[in-house]
A.B. asks: 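Quick one: the structure is below, and I'll ask about it shortly.
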2 protein chains.
Amino acid sequence: MKDKIVTLADKLIRVKGFNAFSYKDIADPLSVKNAAVHYHFPSKADLGMAVITEEMQRFQHSVQQWRQLPEDEQLDRLVDVFRKHCYAGNVCLMGSLAPDYETLTPPMQEKINEMAEAIVEWVTACLEQGRKHKRFHFKGAAGDRALLVISNLQSSLLLARVMGPEAFDRIGRQLLEDLRS
Amino acid sequence: MKDKIVTLADKLIRVKGFNAFSYKDIADPLSVKNAAVHYHFPSKADLGMAVITEEMQRFQHSVQQWRQLPEDEQLDRLVDVFRKHCYAGNVCLMGSLAPDYETLTPPMQEKINEMAEAIVEWVTACLEQGRKHKRFHFKGAAGDRALLVISNLQSSLLLARVMGPEAFDRIGRQLLEDLRS
DNA sequence: GTCTATATTCCGATAGAC
DNA sequence: GTCTATCGGAATATAGAC
């Protein structure tokens, strides 16, 4: 049940936003009362923390599985993750929570910071190693390039929601092509 | 008074998000009662529409003023607009409203669509003309490149909120450097 | 145009029974 | 662990006086 709640909360955050969903939106589809949800997650911030923590674990598990691949294929996989979210009508967790950042509890803000650091660190290392192995070609610091890549992926989901999924496809394709050539 | 309300609502949308601010957040700082705000904007969606409309007018007015400049300097100006928002603690309107898109009224969604189309159209034309005049150098279609630029700018503000303003500076600088060289 | 006052609904959260 | 029941508060919105 706890897992079902977190999974559903994750979806709701991505589709409606953290401040726009309620305990009722969790309880009704699971056919329980909102008190049952409060039993597992006393406050909404507790639920938010669990969603972010699970997302970070998913991310670490994924990159762990990709670690034997060439760096450009590792980045392909990351784009695949975003593509799946795009066609599921989701935005990414950062893209949903960052605009609400000022309304969140300090512990949630701290978790979001950690999530951002983790993905920036991984993309930076991926680009750096990939350039060394001649699989990526780009100018400037790998850390700066990583910020560009991450911002492209994040906003591709925001733009896709407004303009349609083609926006994601065009961004994702051009992004990968730029780095490889 | 109507202008004051729209200006304040714009700020609140950018800082807290559309679903996280209330009529009280508008009324209190203006030293009026929430009924006075409802007089000018009967529903919250009416207020949201006015905010988007004013932002679009500001944008059209700006690009009109820039039209005599070289294209790379026009893009500098656009980055300047985002930089000011960054240091004011704001995200851009699209970056705030896109995650909440599914919770908004159809008229608001339509206005957001128009806003997205307008900025994509302008950046595309700017890049296309700039490339023709040898002020920009990039591969691929100008429209695809425009989506990359816009996604960089949008998410630079989201990342800056979480990671600090340096994230914006690094993205903005590398972005402009890529296009010029 | 702004006020007081209120209707209505919903939300997050808790108490206590089972 | 889930339930019923409810508290306290806040939100959007409206009616009617001034």
Side-chain angles (χ1 to χ4, degrees), chain A residues 1-54 93 96-97 99-112, chain B residues 1-54 96-97 99-109 111-112:
Chain A
M1 174 57 58
K2 211 165 174 175
D3 276 350
K4 285 184 188 172
I5 294 172
V6 174
T7 299
L8 187 47
D10 179 277
K11 177 71 179 173
L12 285 164
I13 290 174
R14 298 177 121 104
V15 173
K16 301 180 62 176
F18 186 78
N19 289 320
F21 84 90
S22 69
Y23 275 80
K24 184 171 156 55
D25 294 326
I26 304 274
D28 284 355
L30 298 180
S31 301
V32 294
K33 300 300 170 183
N34 70 349
V37 182
H38 275 286
Y39 168 79
H40 294 286
F41 301 97
S43 81
K44 202 177 177 182
D46 295 324
L47 182 48
M49 292 286 287
V51 169
I52 303 170
T53 299
E54 195 176 270
L93 216 47
S96 174
L97 294 176
D100 297 340
Y101 191 80
E102 302 295 338
T103 73
L104 306 176
T105 61
M108 275 193 72
Q109 292 180 340
E110 179 58 31
K111 265 279 178 215
I112 295 169
Chain B
M1 174 59 56
K2 211 165 176 176
D3 276 349
K4 286 184 187 174
I5 293 172
V6 173
T7 299
L8 187 47
D10 179 277
K11 177 71 180 174
L12 286 164
I13 290 174
R14 298 178 122 104
V15 173
K16 301 182 62 177
F18 186 78
N19 290 320
F21 83 90
S22 68
Y23 275 80
K24 185 171 157 53
D25 295 325
I26 304 274
D28 284 356
L30 297 180
S31 302
V32 294
K33 300 299 171 183
N34 70 348
V37 183
H38 276 286
Y39 168 79
H40 294 284
F41 301 96
S43 80
K44 201 176 176 183
D46 295 324
L47 182 47
M49 292 286 286
V51 169
I52 302 171
T53 299
E54 195 177 88
S96 175
L97 294 176
D100 297 340
Y101 191 80
E102 302 296 337
T103 74
L104 305 176
T105 61
M108 274 193 74
Q109 293 179 341
K111 265 280 177 214
I112 295 170

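Residue numbers begin at 1 in each chain, while the letters A, B, ... track the order of the sequences. Computed over heavy atoms, backbone and side chain alike; hydrogens, waters and symmetry mates excluded.
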A.B. asks: Of all the nucleotides listed (D:dC3, C:dA5, C:dG12), which has the minimum atom distance to the side chain of A:K44?
C.D. replies: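 Closest of the options to the side chain of A:K44: C:dG12.
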
A.B. asks: Taking A:Y23 for its side chain and A:A36 for its backbone only, find out whether a donor-acceptor pair lies under 3.5 Å.
C.D. replies: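 No, A:Y23 side chain to A:A36 backbone: no donor-acceptor pair under 3.5 Å.
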
A.B. asks: Any side-chain N or O of B:Y23 less than 4.0 Å from the OP1 or OP2 oxygen of D:dA13?
C.D. replies: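 Yes, within the criterion.
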
A.B. asks: So which nucleotide from D:dA11, C:dT2, D:dG1 ends up closest to the side chain of B:K24?
C.D. replies: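 From the listed options, D:dA11 comes nearest.
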
A.B. asks: When you check the phosphate oxygens OP1 and OP2 of C:dC10, does a side-chain N or O of A:S22 lie under 4.0 Å from one of them?
C.D. replies: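 For A:S22, the contact criterion (side-chain N or O under 4.0 Å from OP1 or OP2 of C:dC10) is not met.
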
A.B. asks: Grab the CG-C1' distance between B:N34 and C:dT2 for me, whole Å please.
C.D. replies: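 So the two atoms are 11 Å apart, to the nearest Å.
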
A.B. asks: Could you give the NZ-to-C1' distance, from A:K2 to D:dT2, as a whole number of Å?
C.D. replies: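 Interatomic distance, NZ of A:K2 to C1' of D:dT2: 15 Å.
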
A.B. asks: With sequence neighbours left out, write down each residue that passes side-chain contact (heavy atoms from CB on, under 4.5 Å) with B:T103, or none if nothing qualifies.
C.D. replies: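 Expected list: A:K16, A:A20, B:N19, B:D100.
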
A.B. asks: Figure out the CG/C1' separation between B:D46 and D:dA13, and round it to whole Å.
C.D. replies: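 For the pair B:D46 CG and D:dA13 C1', the rounded distance is 12 Å.
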
A.B. asks: Indicate the atoms forming the closest heavy-atom contact of B:L8 with B:D25, along with that distance.
C.D. replies: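 For B:L8 and B:D25, the tightest heavy-atom pair comes out as CD2-O, 3.9 Å.
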
A.B. asks: With respect to the phosphate group of D:dT2, does any side-chain polar atom (N or O) of A:H38 fall under 4.0 Å of OP1 or OP2?
C.D. replies: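 Looking at the OP1 and OP2 atoms of D:dT2, neither is under 4.0 Å from any side-chain N or O of A:H38.
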
A.B. asks: Rounded off to whole Å, could you give me the CD1-to-P distance for the B:I5 and D:dT12 pair?
C.D. replies: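 It works out to 14 Å between those atoms.
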
A.B. asks: So if I take every side-chain heavy atom of B:K33 and compare against D:dT2, C:dT4, D:dT4, which nucleotide ends up nearest?
C.D. replies: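 When the side chain of B:K33 is considered, C:dT4 is the closest of D:dT2, C:dT4, D:dT4.
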
A.B. asks: Is it true that the side chains of A:D46 and A:S43 contain a donor and an acceptor less than 3.5 Å apart?
C.D. replies: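 Yes - a donor-acceptor pair under 3.5 Å links their side chains.
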
A.B. asks: Give a yes/no answer on whether the side chain of B:Y39 brings an N or O atom under 4.0 Å of OP1 or OP2 in C:dG1.
C.D. replies: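 Yes, because at least one side-chain N or O of B:Y39 sits under 4.0 Å from OP1 or OP2 of C:dG1.
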
A.B. asks: Check this for me: A:K33, atom NZ, are more than 12 non-hydrogen atoms of other residues, nucleotides or ligands nearer than 6.0 Å?
C.D. replies: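 No, because the 6.0 Å sphere around NZ of A:K33 holds 12 heavy atoms or fewer from other groups.
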
A.B. asks: Find the distance B:N19:CG to D:dT12:P and express it as a whole number of Å.
C.D. replies: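 It works out to 9 Å between those atoms.
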
A.B. asks: Nearest whole Å is fine: how far is D:dT2 P from A:L30 CG?
C.D. replies: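 Checked: the CG to P distance equals 10 Å.
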
A.B. asks: Check the distance between C:dT2's P and B:I26's CD1 and give it to me in whole angstrom.
C.D. replies: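 About 14 Å, once rounded to whole Å.
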
A.B. asks: Could you tell me how far apart B:L47 (CG) and D:dA11 (P) are, to the nearest whole angstrom?
C.D. replies: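 After rounding, the gap between these two atoms is 15 Å.
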
A.B. asks: Which of the following nucleotides, D:dT12, C:dC3, D:dG1, is nearest to the side chain of B:V32?
C.D. replies: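 Closest of the options to the side chain of B:V32: C:dC3.
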
A.B. asks: Using heavy-atom distances to pick each residue's nearest nucleotide on DNA chain D, tell me which of B:A20 and A:S31 is more 5'.
C.D. replies: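 Its nearest nucleotide lies further toward 5', so the answer is A:S31.
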
